[in-house]
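Scroll down for the structure; my scribbles are underneath it.
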Amino acid sequence: KMATQRDKPEKDIIYINDLRVETIIGIFGWEKEVPQEVSIDIEINFDCKKASKNDSIQDTLDYKKITKDVIKFVQGSTFKLQESLAEGITQLIKKKYKVDSIKLRVSKPGALRHAKDVGVIIHR
């Protein structure tokens with residue numbers, strides 16, 4: 001039997017886009033001294049049906065709380081690689097907010113002269 005569009009499970013996403021945070025990140029000497037801005041996109045798979053039915057913050061993920069936690073984590077970190085920063089953010093959210101699936105993008109705007117930004121996207 002071929003799968004139809006109706007057979008696919010619905011997928012809700014709560015997201016935070018282009019969260020800008022200053023942090024120490026990088027492998028070069030100056031990068032270990034001078035804070036750089038990173039841009040973070042977070043997509044969390046979350047069933048929003050209960051929240052939409054009850055219209056209650058208790059039934060959803062509070063993106064303001066998530067944002068505060070991510071900012072605090074990133075500002076306090078000193079990773080060499082964006083990959084490590086992305087993994088740290090992902091594990092923080094998964095553990096604290098008990099979510100199963102996250103797509104996370106971390107980039108360093110302006111890190112390369114000829115590119116808008118460079119970064120990493122991970123799925124966990």
Inset, instruction - List the atom of E22, the atom of P35, and the distance in Å for their closest heavy-atom pair. - result: OE1-CB, 3.7 Å
Inset, instruction - Calculate, to the nearest 0.5 Å, the distance between atoms CD1 and CD1 belonging to I14 and I44 respectively. - result: 6.5 Å
Legend entry - Partners passing side chain to side chain contact (heavy atoms under 4.5 Å, CB included) against Q36 (at least two apart in sequence or in another chain): I25, W30, E31, K108
Legend entry - Pairwise distance CD(E43) to CD1(I121) - rounded to 0.5 angstrom: 9.0 Å
Inset, instruction - Give the minimum heavy-atom separation between T67 and Y63, together with the two atoms involved. - result: OG1-O, 2.7 Å
Legend entry - Separation between CD1 of I42 and CG of D18, rounded to the nearest 0.5 Å: 11.5 Å
Inset, instruction - Can you sort out the partners of S77 under side chain to side chain contact (heavy atoms under 4.5 Å, CB included), two or more places apart, ordered by chain and number? - result: T23, F79, L85
Inset, instruction - Give a yes or no on whether I122 and Y97 share a hydrophobic cluster (residues Ile, Leu, Val, Met, Phe, Trp, Tyr; joining criterion: side-chain heavy atoms under 4.5 Å apart). - result: yes
Inset, instruction - Is it possible for you to say whether L81 and V34 belong to one hydrophobic cluster, with membership spreading through side-chain heavy-atom contacts below 4.5 Å? - result: yes
Inset, instruction - Before giving the answer on side chain to side chain contact (heavy atoms under 4.5 Å, CB included), spell out for F73 and I89 the whole-Å C-alpha distance, their side-chain angles and the decisive distance to 0.1 Å. - result: CA-CA 7 Å; F73 176 80; I89 295 167; 3.9 Å; yes
Inset, instruction - Just do the side chain to side chain contact (heavy atoms under 4.5 Å, CB included) check on V70 and I40 with the steps written out, would you? - result: CA-CA 9 Å; V70 170; I40 302 162; 4.1 Å; yes
Inset, instruction - Calculate, to the nearest 0.5 Å, the distance between atoms OG1 and CD belonging to T78 and Q75 respectively. - result: 13.5 Å
Legend entry - For the student: nearest non-hydrogen atoms of K50 and D59, plus distance: CE-OD1, 3.3 Å
Inset, instruction - With sequence neighbours excluded, give me every salt bridge (charged side-chain N to carboxylate O under 4.0 Å, His left out) pair touching residues 63-74. - result: D69-K96
Inset, instruction - Under the side chain to side chain contact (heavy atoms under 4.5 Å, CB included) rule, collect the residues that match up with S52, sequence neighbours excluded. - result: none
Legend entry - Non-hydrogen atoms of K32 and G26 that approach each other most closely: CE-O, 4.0 Å
When the side chains of residues 98-105 are checked against the rest of the protein, which donor-acceptor pairs come out under 3.5 Å, sequence neighbours left out?
{"residue": "S101", "atom": "OG", "partner": "N45", "partner atom": "ND2", "Å": "3.0"}
{"residue": "R105", "atom": "NH1", "partner": "D41", "partner atom": "OD2", "Å": "3.1"}
{"residue": "R105", "atom": "NH2", "partner": "S107", "partner atom": "OG", "Å": "3.3"}
{"residue": "R105", "atom": "NH2", "partner": "D117", "partner atom": "OD2", "Å": "2.6"}

Inset, instruction - Please name all residues satisfying side chain to side chain contact (heavy atoms under 4.5 Å, CB included) with K116, sequence neighbours left out, ordered by chain then number. - result: none
Legend entry - Point-to-point distance, once rounded to the nearest 0.5 Å, from CD1 of I27 to NZ of K80: 9.5 Å
Inset, instruction - To the nearest 0.5 Å, tell me how far D47 CG sits from D12 CG. - result: 5.5 Å
Inset, instruction - List the steps, then state whether side chain to side chain contact (heavy atoms under 4.5 Å, CB included) holds for F46 with T60. - result: CA-CA 8 Å; F46 187 83; T60 191; 3.8 Å; yes
Inset, instruction - Indicate if V106 and I24 have the same hydrophobic cluster label, given that clusters are the connected sets of ILVMFWY residues with side-chain heavy-atom separations under 4.5 angstrom. - result: no
